Amino acid sequence: MPKAGNFHFIRSTKVRSSEVLSAKGASLWSGCDATFARIDALCGDGASRIFAEPNVKRQDGGDVLNVAWFGSHDDDPKELSAIDRGKLSRIEEDLVRRIGKLKPALNDPEIGETVAAMLNVYDHGSIMAVGEHAILTNWGALPAEATATQSAYARHTDDTVGRFIGSNVATRLPGKQWANAGKIEVREQAHVTHAAHAAPVVEKQAVASATPSIVATAPSRHHRWLAPAALVTLFGGILAYVAWPGNLVYERENRGDQGVLTQLNTANDELTRQIAVLQTEAGKNACEIDRALVGLPPLENSPVGQGG
């Protein structure tokens, strides 16, 4: 039965008993209450609540286990794929932070190997959200194909919990020297982490506090005001230019421009007169047309303008 505090039902799953990992000759699920207590003692009260508590019953006539998972948060449980983007970002940051808090337990000689094995999850759907909190179900269990080879194990970890784990933390497969470090770069001196997601999850920055926990980074106030300040300066300059006396006033026409216009008008008038003369001549008999207008000499023995 669930222990004190873990009495809110999250989900139920089915796994084969052979798929549950073991450490030191015992299933990770058996006696996990003692492991939880040790985690809380090393990492702070409530640190173990990232792991849902399993209530296991064997299905009759086979090696299939029916598992009911319980947690300490009273809210609607959902898979990550069912959460909107804004909330998903907060849940992922919570998961990164809570896994980071497990570092003292992972370094503990008594339970370090067990906790590293507990970070393995059966599939991506094993990572749940209960309200604003991330929680792991089906932890400490892997499908058979994920344990077949070291490369298959690495791929499975990368596709599930790996992108939420710092590079200074590693999941481990008990009984083998297989370890898979996380995908979040951790720089201890600057206390900064960068999440590099392979799945379609928004890329995030995180900043580690004095403990190995990780919290989301907010842009500094200085950088936040750079863009608005630049825009205010730009528009202020434009307004000052427009308001300054003498700006945006069209120049008057100078005398040189007026002289050119007069010449053009005179030329247009002359051209109009010539067109009118040609139109008049075009209406006459061919012998009566003034041949000089078309560049022909006058007819012999005839005065200009006489008919032919």
Side-chain angles (χ1 to χ4, degrees), residues 11 13 15-24 27-29 32 35 39 43 47-48 50-52 54 67 69 79-81 88-89 91-108 111-129 134-187 193-204 206 208 212-214:
R11 66 183 298 205
T13 60
V15 297
R16 297 185 180 277
S17 58
S18 58
E19 295 174 324
V20 182
L21 303 180
S22 299
K24 299 179 180 179
S27 164
L28 296 182
W29 293 352
C32 62
T35 305
I39 290 174
C43 306
S48 66
I50 188 175
F51 300 104
V67 189
W69 297 94
E79 293 188 11
L80 298 187
S81 59
L88 178 61
S89 178
I91 296 299
E92 291 175 340
E93 289 167 0
D94 180 68
L95 181 56
V96 170
R97 179 184 60 82
R98 296 177 73 186
I99 291 177
K101 288 187 65 175
L102 297 175
K103 189 68 183 296
L106 290 164
N107 292 335
D108 183 63
I111 65 168
E113 180 181 350
T114 298
V115 176
M118 290 168 64
L119 287 176
N120 293 293
V121 294
Y122 194 86
D123 53 23
H124 186 71
S126 301
I127 304 173
M128 301 285 293
I135 192 166
L136 303 181
T137 64
N138 272 355
W139 53 264
L142 291 171
E145 57 269 20
T147 61
T149 63
Q150 186 172 0
S151 60
Y153 174 68
R155 285 195 301 272
H156 180 85
T157 306
D158 291 345
D159 291 341
T160 54
V161 75
R163 66 178 185 275
F164 304 112
I165 299 177
S167 58
N168 60 343
V169 174
T171 63
R172 297 187 181 277
L173 191 63
K176 297 183 180 294
Q177 298 299 317
W178 297 354
N180 201 37
K183 295 301 179 183
I184 303 176
E185 179 186 354
V186 178
R187 292 180 290 178
T193 62
H194 297 283
H197 290 342
V201 179
V202 179
E203 186 176 8
K204 297 175 291 297
S213 62
I214 303 171

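Just so it is clear, the values below take in all heavy atoms, side chains as well, and ignore hydrogens, waters and symmetry mates. Keep in mind that what you see is a predicted model, and the values were worked out from it rather than measured.
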Between Asn120 and Arg172, is there a donor-acceptor pair closer than 3.5 Å when you use the side chain of the first and the backbone of the second?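 Yes, because the side chain of Asn120 sits within donor-acceptor range (under 3.5 Å) of the backbone of Arg172.
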Taking Thr137 for its side chain and Ser126 for its backbone only, find out whether a donor-acceptor pair lies under 3.5 Å. yes
[Y] and [X], any side-chain heavy atoms less than 4.5 Å apart:
{"X": "Arg11", "Y": "Glu79", "answer": "yes"}
{"X": "Leu102", "Y": "Val169", "answer": "no"}
{"X": "Val161", "Y": "Ile99", "answer": "yes"}
{"X": "Pro143", "Y": "His156", "answer": "yes"}
{"X": "Arg97", "Y": "Lys101", "answer": "yes"}
{"X": "Leu21", "Y": "Trp29", "answer": "no"}
{"X": "Leu136", "Y": "Ile127", "answer": "yes"}
{"X": "Tyr153", "Y": "Thr171", "answer": "yes"}

Rounded to the nearest 0.5 Å, how far apart are [atom1] of [X] and [atom2] of [Y]?
{"X": "Glu93", "Y": "Leu88", "atom1": "CD", "atom2": "CG", "result": "9.5 Å"}
{"X": "Ile91", "Y": "Met128", "atom1": "CD1", "atom2": "CE", "result": "11.0 Å"}
{"X": "Asn138", "Y": "Asp123", "atom1": "CG", "atom2": "CG", "result": "6.5 Å"}
{"X": "Leu119", "Y": "Trp139", "atom1": "CG", "atom2": "CH2", "result": "10.5 Å"}
{"X": "Thr160", "Y": "Arg155", "atom1": "OG1", "atom2": "CZ", "result": "12.5 Å"}
{"X": "Ile39", "Y": "Asp108", "atom1": "CD1", "atom2": "CG", "result": "10.0 Å"}

With sequence neighbours left out, write down each residue that passes salt bridge (Lys or Arg N to Asp or Glu O under 4.0 Å) with Arg16, or none if nothing qualifies.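 For Arg16 the salt bridge (Lys or Arg N to Asp or Glu O under 4.0 Å) partners, ignoring immediate neighbours, are Asp63.
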Taking all non-hydrogen atoms of both residues, which atom of [X] and which atom of [Y] are closest, and how far apart?
{"X": "Ala23", "Y": "Thr114", "answer": "CB-OG1, 3.9 Å"}
{"X": "Tyr122", "Y": "Glu19", "answer": "OH-OE2, 3.0 Å"}
{"X": "Ser167", "Y": "Ala181", "answer": "O-CB, 3.9 Å"}
{"X": "Glu92", "Y": "Phe164", "answer": "CG-CE2, 3.6 Å"}
{"X": "Ser22", "Y": "Pro174", "answer": "O-CB, 3.0 Å"}

Those residues that, when tested against Ser18, pass side-chain hydrogen bond (donor to acceptor under 3.5 Å, both in side chains) (two or more places apart): none
Is the shortest side-chain N to carboxylate O distance from Asp94 to Arg98 below 4.0 Å? yes
Under a 3.5 Å cutoff, is there a donor and acceptor pairing between the side chains of Asp158 and Asn180?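 A pair is found: one side chain offers a donor N or O, the other an acceptor, under 3.5 Å apart.
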